[in-house]
Structures are given as C-alpha cells and as structure tokens.
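Right, one structure below, let's go through it.
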Amino acid sequence: MTDPIPDPAAIRTGGCHCGAVRYVATGQAAHHALCHCSDCRRWSGAPMVGWIAFREEQLTVTGDTRSYASSALATRDFCGRCGTGLFYRNPTYLPGIVDIQSGTLDDQAGDPPGAHIMVKDRVGWLDDIDALPRFVTYPGVD
C-alpha cells in the first residue's frame, strides 16, 4: 500500500486536544489510510481511525506523551494530560515508521487518505453512511 503524499518538502503540524503535546512531521508521508480494525476502533472510540505514516526521523515531538502496549507488538502514545491518541508504532511490521492519528493534524484537509485498511473488521453500518441526513451544525441549533 503506497499512496505517497506529493509534496516531499511539506511540513505538517499537529497536537493533542489540550495543547500539551505538539508535533512536526516533515517530508513525504509513506501513506495515509483509514483503519477499520477492532483494535483501533476500541482504542479511539470511533468507527475508524485515520493514520498518516512517517519515518521516525521525520517526526519531532514536544511535550510529554504516555505509552500503552496495545498488543505484544505495538504501542500507542497519547497525551498524559487530556488523553488524545497520537501515535502508533509496530517495529515488527512497520520498522522505523510512526503512524500519526491524522485527526490530530492542524490541517486535516491537506493530506486526504489514499486507502481503507483492515476492512475485514469494518462496521457494517458504514456501508450506508452516505444515506444519512446531513446537518450544517448540531440539529436544532442551526
């Protein structure tokens, strides 16, 4: 799976909800995918999670993160203050790669995902998601 982000000189910034952790990722991303695995869903509390991948040396992090071993092979880092999920590492299957939760990017529109992954675990109701009504803001508050 490769869907390289076109601008190799790009600088992407992001961080956690409370601002205690910030990061800068530079250069070309390896990929950006929406993961449907049950592990990502349970960890994030969302029906899927966007992950944009960079080499470890492309990422600079300021602030303190906490780490959680989500499996025998992988760790997930989050802000110890607000709990925002930030990074995923699996040195066995993704050596030298850090996946960043793309929902934490400051500019979330700049790097659209190029694939859905782990669709074997995809929640069935996502098949009809486009049929749901759409509201500009919260219903009844418009």
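These values consider heavy atoms only, across backbone and side chains, with no hydrogens, waters or symmetry-generated copies.
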(request) Determine, using the 4.5 Å side-chain heavy-atom cutoff (strictly less than), whether W43 and L94 are members of one ILVMFWY cluster. (result) yes
(message) Quick one, R22 and T13 - any side-chain contact, counting heavy atoms below 4.5 Å?
(response) yes
(message) Donor-acceptor check, side chain of E56 to backbone of G96, threshold 3.5 angstrom: yes or no?
(response) no
(message) Assigning hydrophobic clusters by single linkage (Ile, Leu, Val, Met, Phe, Trp, Tyr; side-chain heavy-atom cutoff under 4.5 Å), is Y93 placed with I52?
(response) no
(message) Measuring from atom SG of C35 to atom CG of D121, what distance do you get when rounded to the nearest 0.5 angstrom?
(response) 8.0 Å
(request) Check each of S71, C40, S67 against R76 using the side-chain contact (heavy atoms from CB on, under 4.5 Å) test, and report the only one that passes. (result) C40
(request) Mark yes or no for whether R122, through its side chain, and L126, through its backbone, hold a donor-acceptor pair below 3.5 Å. (result) yes
(request) Say whether, by atom type as modelled, one donor and one acceptor occur between the side chain of H36 and the main chain of M48 under 3.5 angstrom. (result) no
(request) For the residue pair S102 and H32, establish whether any side-chain heavy-atom pair is separated by less than 4.5 Å. (result) yes
(message) Suppose we screen for salt bridge (charged side-chain N to carboxylate O under 4.0 Å, His left out). Which residues come up paired with D128, at least two apart in sequence or across chains?
(response) none
(request) Run the numbers on Y23 and T104 for side-chain hydrogen bond (donor to acceptor under 3.5 Å, both in side chains), then give the verdict. (result) CA-CA 10 Å; Y23 63 81; T104 66; 2.8 Å; yes
(request) Over all heavy atoms of both residues, which pair between V49 and S44 is shortest? Give the atoms and the distance, please. (result) CG2-OG, 3.2 Å
(request) State plainly whether one hydrophobic cluster holds both F78 and V61, where clusters connect Ile, Leu, Val, Met, Phe, Trp and Tyr through side-chain heavy atoms under 4.5 angstrom apart. (result) no
(request) Examine distances only and state if a side-chain atom of T65 and a backbone atom of D77 form a donor-acceptor pair shorter than 3.5 Å. (result) no
(message) Looking at Q101 and G50, would you say the former's side chain and the latter's main chain have a donor-acceptor pair under 3.5 Å?
(response) no
(request) Please name all residues satisfying side-chain hydrogen bond (donor to acceptor under 3.5 Å, both in side chains) with R66, sequence neighbours left out, ordered by chain then number. (result) none
(request) Indicate yes or no: at least one non-hydrogen side-chain atom of L59 is less than 4.5 angstrom from one of I100. (result) yes
(message) For the backbone of T26 and the side chain of Q58, can you confirm whether one donor and one acceptor N or O come within less than 3.5 Å of each other?
(response) yes
(request) Output all residues satisfying salt bridge (charged side-chain N to carboxylate O under 4.0 Å, His left out) with R81, sequence neighbours left out; order by chain, then residue number. (result) none
(message) I'd like to know if L86 and W51 are part of one continuous hydrophobic network [Ile/Leu/Val/Met/Phe/Trp/Tyr, side-chain heavy atoms within less than 4.5 Å].
(response) no
(message) Within the 4.5 Å heavy-atom criterion, are W125 and P47 side-chain neighbours or not?
(response) yes
(request) Look at the side chain of R12 and the backbone N and O of G27, then say whether any donor-acceptor pair between them is shorter than 3.5 Å. (result) yes
(message) Ignoring hydrogens, what is the shortest heavy-atom contact between D106 and G15? Give both atom names and the distance.
(response) OD1-N, 4.5 Å
(message) Hydrophobic clusters here meaning ILVMFWY residues chained together by side-chain heavy-atom distances under 4.5 Å, can you tell me if Y68 and I97 are in one?
(response) yes
(message) If you apply the rule side-chain contact (heavy atoms from CB on, under 4.5 Å), what do you find for T62 with V21, and how did you get there?
(response) CA-CA 6 Å; T62 56; V21 177; over 6 Å; no
(message) Using side-chain heavy atoms (C-beta onward) and a distance below 4.5 Å, is C79 in contact with C18?
(response) yes
(message) Just so I know, are the side chains of Y88 and T75 near enough to count as touching, which here means a heavy-atom distance under 4.5 Å?
(response) no
(message) Tell me whether D64 at atom CG has more than 12 heavy atoms from other residues, nucleotides or ligands lying less than 6.0 Å away.
(response) no
